Amino acid sequence: MELTANGPRSRSPLIKLLKMRETGLIAIILVLCIGMSFASPYFLTWVNMRAMVMAFAVEGIVVVGMTILLISGGIDLSVGSVTALAMVIAGWLFLQGIDPWVASAISIVACTGIGAFMGYFVTRVGLHHFIVSLAVMVIARGACLLMTGGRPIGLFTLPPEFKFIGQGAIGPIPLVIIIFLIVVLTFDFMLRRTTAFRKVFYTGSNEKAAAYSGIRTKRVIFLTTTLCSALCGVAGIIYMARFGSAQPTFGLGMELNVIAAAVIGGASLNGGSGTIFGAILGTVLLSVVSSSLALLDVSVYWQDIIRGSILLAAVSIDHYLNKRRR
Amino acid sequence: MELTANGPRSRSPLIKLLKMRETGLIAIILVLCIGMSFASPYFLTWVNMRAMVMAFAVEGIVVVGMTILLISGGIDLSVGSVTALAMVIAGWLFLQGIDPWVASAISIVACTGIGAFMGYFVTRVGLHHFIVSLAVMVIARGACLLMTGGRPIGLFTLPPEFKFIGQGAIGPIPLVIIIFLIVVLTFDFMLRRTTAFRKVFYTGSNEKAAAYSGIRTKRVIFLTTTLCSALCGVAGIIYMARFGSAQPTFGLGMELNVIAAAVIGGASLNGGSGTIFGAILGTVLLSVVSSSLALLDVSVYWQDIIRGSILLAAVSIDHYLNKRRR
Amino acid sequence: QDTLRCAEGETYIMNVMVSAHPYWVPVYQGFKQAAEAFGCETVFSGTPDYDITKQIASFEQDMVKQPAGILVHPMQSDPFIEPINRAMDNNIEVVTFAADSPNSNRTAYITSDNLAEAKFAADEIVSQIGATGQYAVLENPGQSNHDLRVTALIDYMEANYPDMKLVGRQATNQDSTAAYRATASILQANPDLGAIWIPEAGSAEGAVAAILEAKSDVLVMHADITPATLEHIKAGNIHMALNPNQGMQGFMGFLSAFFAAHSEVFDPFNDYKVSGYNPVQIPFVDNGFSVITKENADSFDLNVYMEGRDPN
Amino acid sequence: MQEDLILKIVNLKKSFGPVRALRGVDFELRRGEIHALAGENGAGKSTLMNIIDGILQPDSGEIFWNGEPVSIASPTEAQKLGIGLVHQEIALCPEVTVAENIFMSTTNQSRRMLMDYAGLARKARDVLGQLADIDPATLVRDLPISDQQLVEIAKALTLDCRVLILDEPTAALTEREANLLFTIMRRLAYQGISIIYISHRMVEIFDNCDRVTVFRDGQFITTQIVAEIEPADVVNAMVGRVVDTLYPDKLRVEDASEDVILDVKNLTDTRRFHDVSFQLKRGEILGIAGLIGAGRSEIVKGICHLEGTVTGDVRLNGERLNLRTYGDSIRAGMVYLSEDRKGDGLFLEMSIAENISALDLGLVTTTAGTINSQREEALAESLARKLNLKYGKLSDPVSSLSGGNQQKVAIAKMLSVNPKLIFLDEPTRGVDVGAKAEIHRILRSLASSGVGIVVISSELPELIGISDRVLVVREGRISGEVSGEVMTEENIMYLASVLDAPQLNAMTA
Ligand SMILES: Nc1ncnc2c1ncn2[C@@H]1O[C@H](COP(=O)(O)OP(=O)(O)OP(=O)(O)O)[C@@H](O)[C@H]1O
Ligand SMILES: Nc1ncnc2c1ncn2[C@@H]1O[C@H](COP(=O)(O)OP(=O)(O)OP(=O)(O)O)[C@@H](O)[C@H]1O
Ligand SMILES: O[C@@H]1[C@@H](O)[C@@H](O)CO[C@H]1O
Ligand SMILES: [Mg+2]
Ligand SMILES: [Mg+2]
């Protein structure tokens, strides 16, 4: 299987592994984990691992959408509020007596519509993703407030089969993690291997050259923008099932986290490069650092300083390793 | 005087005005203001105007730094926490018995140092501004918490001459507004007219071309990064004098506001273009919208929706006007 | 006018930051109910943002409308000194609630006693799990009432129950995902954790999810309430919540501002006439707090409470 | 004569990872000479120039400036020595005006605090005036690529330099502009300035240069006095074998067909061209000539629906095309090779293979909709071989290739889809003589096999050499057509610029 987005090669698997853009990140995460497993006897337990993955799994779905959007040359600041809006719409509809599955489907369609709305302003009106998604971030948050009066919607009456999405497990593995893995693997595969997604790379790499290759770049950008919001919709529904409530203030500041994960994982803010696998590693890195600080009960007043420093160090080391390898 | 950053032309002043990138924004703001002065008898009062300008004046200083940084091709997510850190450092030093002017000077130097630190990672290590400033945003916020234990520092004992910076007025005009105007006019002039600042445009427009012309582009980027943090330092000190306290949680989310203002005002996220004048108009636009909603007692649950929609509409109209004019 | 009634158009404003936060809803209802009783107009105002300069701007814009009084939740105390004093100088009575600006000239300050809440929570934890055990806290550094709820509890434990050990202290800043992550880690590191105290409800939602998933038997207590935590109380997942009686904050807040604005009905035995201050000044009102348990939970459903009421 | 050497390079080496771009080259430049540097694509010419200009650092070797050993650490230092370089790839600031671009390094070194925009504009107009009619106040991003090339040259001319390096400056210029440039070059040389001139056009070298140095595969081969040798000697030294630099045979009269491949009627886009009608017959190669900005590119882009909205009638192989997008055009078998490979021709940071397959991913797609990387590599490899592409791995980014090799990738991309009709806009821009001959041969054989070939070229000898018929465009209209005997440079120039007779005379004088 190909593991770097660019460049189909056929070498030995080991050399391939060492040549991957992601190898540096994997190494850094491993070093952190090994360090942690000495520092805390609880780190390497199944329960801890499970909790750590649960903490980023749903956000990871949004990271997938953001990464694809970044590759196409876009960006989306509205992910946090659109995810919240997904919960709110579905929760609100459910309270109006609509079947939760139908409510969820409607909500995901609505989020997809929001993405299309942004895509329209970007590709037809010609505005920059940054400013359009910033406006939509504010509007979607406003819609959350309007629909809830600012009050979280308690959804304890959701049927157990529905809550199962967020709280159930198949064998020892929570369903949330399974959904996350399916989304990640699917899109990782599609992005590396399918013709349709290759156009995303062309468009992000040089939009004009892509247009001169007959690619309908506006459509590509429209679709990646829409996809990102649709995945926010999916994430919102899973959060709702998991927390049994819909929170209008959910996901404040999520955008920076999600973009950071993608960028740490090698996505370029100028478009044209990035991998799902890398972005998820970026998510894992951020998450391992946070969880470790909590596990070691580092003083709250020190945590941010340490967290920021580790982030900076990790990114620098990764950059250095990548530069050396090339 | 030249009013567009790019393109020295010599036409009649009227044609120049109509050709300015900023004309559309000015028109939009005027329309909003005229509408508001009908909608609310309070809008056009001196006190309301003063409150509105006071609400963005200090942040406007940060907008100046951000705009210059954007033009050079950078971005800074740490502005909010660095501004807070400026307050905290100066306040903390003052409580240790250091003269407030000296404490402020040290604090501004420290912020400048933070900027230089980021500049180092960007220009020497080769990381992206986004990720470096994100890490520093977290670190600086952590430093605020560490130095204050998370509690605001009350600085009631600041001498009145010092508080005068933030609370005093010369005639009817608050000193804060005067400082803001001086900073804006100075940097606007420098950016348009001085050879030193033209290099910022060249670097941001095409770093390679600038380097080929002998411009030390890394130094330019280093300096714009440093300048932006230094201006955060200045803003932090003014806030401290104005509030008579140092708030460790100050400026959360400020970065998006500040970047949005610059982008609305025509700064490109890809570098190479932007004006201080435009960015300040962007700030004014955002501020007028917020203030108007508050003044009209629009239901809080509707405010965000309206605010986001006006933002999107304004940017679209401005874009349309600019496209037509060219 | 010799009776306590508002003149035509006499208006009182309630000003807050993060204006869409549900916490304010019952406060404003109390404010409005009191105002209606005296024939007064009310306005709910403030900024949707968590931004001190914006709140100050909105406060100053409130002043432009010359209301009789403003009930304000100052996002931070000292930055409000100057605006509050200016309002007072302009004959606008300013009352603070839930958070104070003690060095300003505000007329009154209404709040639940955060120290008392913390003390109550500590005693309750000990009464449930005993005086020897482990506990943890989540916090939101920088918001003073939340800080107080946490630090006061820790101090009180240290002073009164030296065998209670604080094993986890994480900042989760009202974010349920962060709270989930932090709680999960604390549980991992401390299998014998007995209780957790959370100064607000947002983090409590994430914490409960982690505790349920870990199938752990930790006693959860928190301040404030949301529909989700309310359900958890009903289901027994959360032991109890301390709610700072928002209605009273609004009701007393209005009365304090209104009385101060109508001080002409009052001629007390002191020096107010010669010294020139307002005779109706109340430095501090403790509006008490309610304890929400499985038994009384039904009375704390905000959605039920708001049915048929106008939020504005 | 040792003392008149201004620049001397000894045994210079430079590698990019495994690629050894320079394997120990020598080079000598005399004061006041115009010294041509020739070599195949990827021979290392641009690399050496970038080293002389301080952009790249050599791995080893020495540089002597006026006999003194120097190390040139940056473009600023090169400028201080008096070295000016016109880059092969245009490097201008798009958001900045022409005037400011031209004086960028002057501004950089200036001790003045304030910008003198009026002065800049005036001086810019003076320099530009020698070359073209470009408003100094326009933003560079609004200029077509050929005008940008002129701005680049103007920029170098303002440098107060003692060594001026021109790396393929005429690749996008028509002869008129090129001749203006040569006049300026000779004047500068007369004033004692030394010029290094890189070009793949032998005519230019033999008409204008004093000496010529040849590199091959990163090695120095020879330096000769131009007057003493023939173009064939240079080509021989470059390629290491004798290349048939003649153009392929034209279409023989008896093979001429009446089948019309492309039939364009009354094509108009209101802004840039009007009422364009012409036909392309089976087997012929049609050339399009014109001055810079005449509208040649716009016309063919209009036919392909790449830009703008056009009205008119286009028939391909007799069928009326109803295109809505360029994608439709590609599917109909009609493709366009852009004149601006960097701007809209290539994905510089993507791999060679990915670039080549971009035009029709269907060719490398499995039935499941995934990319078949074996097939993708095979496609790239066969075209790379056909065009003699010099590369390391097919997975290398295109940006790591030399300019001429990048152009070959762009051509490979067009050929990948087996088109029915190709519009080639400056197809051999920057391509070396050997490869050029090969490309001409390929074009001819495609034409013979029934593929329609339309070539736009600013290099008239090439256009005449390869075309069976040439259309001349002037100000958005077809001003005439030449073929056979009358297909001469004079006639084409006349048709291209008849309204500009004085300049035509000056040029032919
Ligand atoms: N940045 C780079 N990274 C990797 N290889 C490079 C880089 N720049 C140049 N090369 C390689 O160095 C060799 C020499 O390139 P150079 O650009 O000097 O050729 P050139 O003689 O100027 O060719 P052309 O006539 O096509 O412009 C080529 O093989 C090229 O692929
Ligand atoms: N992006 C653009 N914006 C404005 N005008 C343009 C643009 N592109 C081209 N033009 C103008 O359109 C006309 C035709 O340009 P075109 O590129 O077709 O010329 P050409 O004959 O192909 O010559 P060359 O390619 O050698 O410059 C010119 O006047 C040119 O200045
Ligand atoms: O719990 C706090 C309240 O005490 C009030 O400060 C408003 O915000 C809530 O989160
Ligand atoms: Mg070259
Ligand atoms: Mg052209």
Side-chain angles (χ1 to χ4, degrees), chain A residues 75 77-78 81 117-118 121 125-132 134-150 248 252-253 255-257 259-260 263-264 268-270 282 299-320 322-323, chain B residues 75 77-78 81 117-118 121 125-132 134-150 248 252-253 255-257 259-260 263-264 268-270 282 299-320 322-323:
Chain A
I75 196 165
L77 301 177
S78 74
S81 23
F117 177 81
M118 292 196 280
F121 273 87
V125 181
L127 300 180
H128 195 286
H129 263 110
F130 184 92
I131 208 78
V132 173
L134 185 76
V136 167
M137 158 175 148
V138 177
I139 295 174
R141 186 66 69 193
C144 289
L145 297 178
L146 190 64
M147 293 182 70
T148 61
L252 286 169
E255 63 283 355
L256 287 187
N257 241 326
I259 298 170
V263 171
I264 294 171
S268 158
L269 288 168
N270 304 320
S299 148
V300 272
Y301 302 115
W302 277 102
Q303 283 198 11
D304 275 347
I305 295 187
I306 297 176
R307 197 149 53 120
S309 308
I310 294 183
L311 172 60
L312 196 55
V315 181
S316 303
I317 294 172
D318 180 48
H319 182 80
Y320 173 78
N322 274 320
K323 217 163 58 179
Chain B
I75 196 164
L77 302 177
S78 75
S81 24
F117 176 81
M118 292 195 280
F121 273 87
V125 181
L127 301 180
H128 195 285
H129 264 109
F130 185 92
I131 208 78
V132 172
L134 184 77
V136 167
M137 159 176 148
V138 177
I139 295 173
R141 186 65 68 193
C144 288
L145 292 179
L146 190 63
M147 290 181 73
T148 61
L252 287 169
E255 62 283 354
L256 286 189
N257 241 326
I259 298 170
V263 171
I264 295 170
S268 158
L269 288 167
N270 304 319
S299 150
V300 288
Y301 304 114
W302 276 102
Q303 285 197 15
D304 275 345
I305 295 186
I306 297 175
R307 196 153 54 128
S309 308
I310 294 184
L311 173 60
L312 196 55
V315 181
S316 302
I317 294 171
D318 180 48
H319 181 81
Y320 173 78
N322 274 319
K323 216 162 59 179

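Keep in mind the model is a prediction, meaning the values are calculated, not measured. All chains are named by letter (A, B, ...) in the order of the sequence lines, taking the proteins before the strands, and each is independently numbered beginning at 1.
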If you count heavy-atom pairs under 4.5 Å between each of Val315(B), Leu77(B), Val263(B) and chain A, which one has the most?
->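 So the answer, after comparing Val315(B), Leu77(B), Val263(B), is Val315(B).
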Please report the interatomic distance [atom1]([X]) to [atom2]([Y]), rounded to the nearest 0.5 Å.
{"X": "Leu146(A)", "Y": "Ile305(B)", "atom1": "CG", "atom2": "CD1", "answer": "4.5 Å"}
{"X": "Leu134(A)", "Y": "Ile264(B)", "atom1": "CG", "atom2": "CD1", "answer": "7.5 Å"}
{"X": "Asn270(B)", "Y": "His128(A)", "atom1": "CG", "atom2": "NE2", "answer": "5.5 Å"}
{"X": "Leu269(B)", "Y": "Leu269(A)", "atom1": "CG", "atom2": "CG", "answer": "10.0 Å"}

Could you report the tightest heavy-atom contact between [X] and [Y], atom names first, then the distance?
{"X": "Gly150(A)", "Y": "Tyr301(B)", "value": "N-CE2, 3.9 Å"}
{"X": "Ala135(B)", "Y": "Gly308(A)", "value": "CB-O, 3.6 Å"}
{"X": "Ile131(B)", "Y": "Ala260(A)", "value": "CD1-O, 4.0 Å"}

For Ser78(A), check side chain to side chain donor-acceptor pair (under 3.5 Å) against everything at least two apart and list the hits.
->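 Expected list: Asp76(A).
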With distance as the sole test, does His319(B) use its side chain to make a donor-acceptor pair with the main-chain N or O of Val125(A) at under 3.5 Å?
->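 A pair under 3.5 Å: yes.
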Is [X] close to chain B through its backbone or its side chain, or both, or neither, when contacts mean heavy atoms under 4.5 Å?
{"X": "Leu252(A)", "value": "neither"}
{"X": "Glu255(A)", "value": "side chain"}
{"X": "Met147(A)", "value": "neither"}

Among all residues two or more places apart in sequence or in another chain, which pass the side-chain contact (heavy atoms from CB on, under 4.5 Å) test with Val138(B)?
->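 Testing Val138(B) for side-chain contact (heavy atoms from CB on, under 4.5 Å), a comparison that skips the adjacent residues, returns Asp304(A), Arg307(A).
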Check: Leu127(A) and Leu312(B) side chains under 4.5 Å, non-hydrogen atoms =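 Side-chain contact under 4.5 Å: yes.
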Report yes if the side chains of Leu145(A) and Val300(B) come closer than 4.5 Å at any heavy-atom pair, otherwise no.
->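 They are not in side-chain contact.
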